[in-house]
There are 2 protein chains.
Amino acid sequence: MDELFQFFKAFYPISPAAQEAITAISTEISMARNKDLQPIGHSCKTIYFLKKGIARIYYYKDGIDVTESFEFEHSIVARVESLFSGRPSRKGIQIVEDAELIAIDANKLFKLYDAFPEIERLFRKIFEAAHVNLVNRLESLQFHTAEERYNDLIKESPEILQRVPLKHIASYLGITQVSLSRIRAKR
Amino acid sequence: MDELFQFFKAFYPISPAAQEAITAISTEISMARNKDLQPIGHSCKTIYFLKKGIARIYYYKDGIDVTESFEFEHSIVARVESLFSGRPSRKGIQIVEDAELIAIDANKLFKLYDAFPEIERLFRKIFEAAHVNLVNRLESLQFHTAEERYNDLIKESPEILQRVPLKHIASYLGITQVSLSRIRAKR
DNA sequence: CGATTCTTTTTACATATGTTAAATAATCAC
DNA sequence: GTGATTATTTAACATATGTAAAAAGAATCG
């Protein structure tokens, strides 16, 4: 759990008591590549912290597998739109590279908010940061070409090419695999 | 301020004392069409509630005016990515239709969070809801055609066509005005 | 009202991306 | 290792969207 609390510290330091409370509602899991951490259709009742490996959130659009987002080690994985709305998610979480995770029971976590305002504040800040990232991602999808988006991606996470299949990168960028292949051939 | 507290209630009801505290850091403003509520380049230190009218958040990409989002009456207007990061925003807020607003001083609001956990919770929920909307918007930009996005938009806010110039709608949809015109001609 | 400006549409052409299918290349299971 | 499966690239063609310029239409202001 140390890595998790280290991660938390960057957002908002919490007391040992709060750490214990979070430990009590968390479990550690390992999961192999290509397994579904959470299947499509279920409500998201868990917030994951990725200690190691890669995960992606995906869904099907007209039968085609679309990657909504990737998460690498030391980040939070959750289907926010289900977590915050309580509705079942049309999205699943798949492990892309063998992963070690900490699973935090979301309902129990939300209950902790009353007793520990510091925990509420911590997660508020975590999701605010996620919100900022999302706004930037939106901007990139709204007015950058696919080629610009590809270049930005490998500039920001160069290792992604070694660790994630291109088909997933293509749909993440909002284009087909063929189109991504063409863009790559240009360079 | 009544309308504001009515709006709050749907997210999380707060005590009279909390309401007073918010009232004390808020001011009411009116602003005419085409005026800039907040110019590009400043840090966002204000959270607005739109009582009446329409606002848009916009920026320039390669010299072209791009609308990131529209807000209609009874919603919150804020450049979140600046508000949460503290960094100056490359985006501005423009009034699209004569507006009446309540301006909440963001720094003072954040200070209230310590004394009033209920206020922190309220705004946490407000921005969580905004986050959910953003995820859905992302999905629409990532894998719907421009035509689908246009149809979805007028289905969801039909009055937008009467109240917002098409040039702004075009950039909001991530396409040029010419392209939007073509899509409209089809129907 | 008439002139000016701003908005929207239209046209013609260029480019980017999608679709389908086939060919390679890489990976996996036995 | 070998065959089967999966991933990636390439080709050929169709379609959507971008760009630039002009025309038409609507709103604004003296």
Side-chain angles (χ1 to χ4, degrees), chain A residues 31-36 53-54 56 58 60-67 70 94-98 138-154 158-187, chain B residues 32-36 53-54 56 58 60-67 70 94-98 139-154 158-187:
Chain A
M31 191 166 274
R33 193 157 74 88
N34 288 335
K35 297 274 182 199
D36 261 16
I54 301 178
R56 71 182 183 108
Y58 71 102
Y60 289 97
K61 145 94 179 168
D62 302 339
I64 293 169
D65 178 317
V66 177
T67 295
F70 297 110
Q94 190 189 53
I95 300 303
V96 177
E97 186 182 88
D98 292 358
L138 191 85
E139 188 181 322
S140 128
L141 274 171
Q142 193 179 4
F143 256 93
H144 289 65
T145 65
E147 190 170 348
E148 289 171 317
R149 299 199 297 272
Y150 176 72
N151 289 332
D152 289 352
L153 177 68
I154 57 178
E159 80 285 12
I160 200 174
L161 290 177
Q162 275 52 263
R163 301 174 70 188
V164 175
L166 287 170
K167 60 176 178 176
H168 293 152
I169 295 179
S171 70
Y172 173 79
L173 293 172
I175 55 179
T176 61
Q177 208 182 333
V178 175
S179 197
L180 177 57
S181 233
R182 269 190 294 240
I183 288 168
R184 285 162 52 78
K186 279 200 209 168
R187 318 180 91 223
Chain B
R33 192 159 75 89
N34 288 334
K35 296 274 181 196
D36 262 16
I54 302 178
R56 72 184 183 106
Y58 72 101
Y60 288 97
K61 145 94 178 167
D62 301 339
I64 292 168
D65 178 317
V66 177
T67 295
F70 296 110
Q94 190 189 52
I95 300 303
V96 176
E97 186 182 87
D98 293 358
E139 189 181 322
S140 130
L141 274 171
Q142 195 179 3
F143 255 91
H144 288 66
T145 65
E147 189 169 350
E148 287 172 317
R149 298 199 298 272
Y150 175 72
N151 289 333
D152 289 352
L153 178 67
I154 57 178
E159 79 285 13
I160 201 174
L161 290 177
Q162 274 54 264
R163 300 174 71 188
V164 175
L166 288 171
K167 59 175 180 177
H168 293 152
I169 295 178
S171 70
Y172 173 80
L173 294 172
I175 54 178
T176 61
Q177 208 181 334
V178 176
S179 198
L180 177 57
S181 233
R182 271 191 292 241
I183 288 168
R184 285 162 53 79
K186 280 201 207 166
R187 317 180 93 224

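Computed from a predicted structure; not experimentally measured. Each chain gets a letter, A, B and so on, in the order its sequence line appears, and its residues count up from 1.
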For atom [atom1] of [X] and atom [atom2] of [N], their distance in whole Å:
X	N	atom1	atom2	value
A:R163	D:dA7	CZ	P	18 Å
A:R184	C:dA25	CZ	C1'	13 Å
A:N34	C:dA29	CG	C1'	14 Å
A:H168	D:dT8	NE2	C1'	13 Å
A:E97	C:dT27	CD	P	14 Å
B:Y150	C:dT8	OH	P	11 Å
A:K167	D:dT9	NZ	C1'	15 Å
B:D65	C:dT7	CG	P	10 Å

With 3.5 Å as the limit, what N/O pairs link the protein to nucleotides 12-18 of chain C?
from	atom 1	to	atom 2	distance (Å)
C:dT17	OP1	A:A146	N	3.1
C:dG18	OP2	A:T176	N	3.1
C:dG18	OP2	A:T176	OG1	3.1
C:dG18	OP2	A:S179	OG	3.4
C:dG18	N7	A:R182	NH2	2.8
C:dG18	O6	A:R182	NH1	3.0

Can you tell me if A:R33 touches the phosphate of C:dC28, counting only side-chain N or O atoms and a distance under 4.0 Å to OP1 or OP2?
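For C:dC28, OP1/OP2 do have a side-chain N/O of A:R33 under 4.0 Å.
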side-chain hydrogen bond (donor to acceptor under 3.5 Å, both in side chains) for A:Y150 and A:R184? Distances and angles first, verdict last.
CA-CA 9 Å; A:Y150 176 72; A:R184 285 162 52 78; 3.0 Å; yes
Could you measure the distance from the CZ atom of B:R163 to the CD1 atom of B:I169? Nearest 0.5 Å is fine.
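Result: 11.5 Å between the selected atoms.
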Drop me the distance from B:L180's CG to B:R149's CZ, to the nearest 0.5 angstrom.
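Separation between the atoms: 11.0 Å.
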Take A:F70 and A:I160 through the test side chain to side chain contact (heavy atoms under 4.5 Å, CB included) and record every step on the way to the result.
CA-CA 9 Å; A:F70 297 110; A:I160 200 174; 3.9 Å; yes
For A:R56 and A:T67: C-alpha separation, side-chain torsions, deciding distance, then whether side-chain hydrogen bond (donor to acceptor under 3.5 Å, both in side chains) applies.
CA-CA 7 Å; A:R56 71 182 183 108; A:T67 295; 2.8 Å; yes
Considering residues, nucleotides and ligands other than B:K35, do more than 12 of their heavy atoms fall under 6.0 Å from its NZ?
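Counting neighbours around NZ of B:K35, 12 or fewer heavy atoms of other residues, nucleotides or ligands fall under 6.0 Å, so no.
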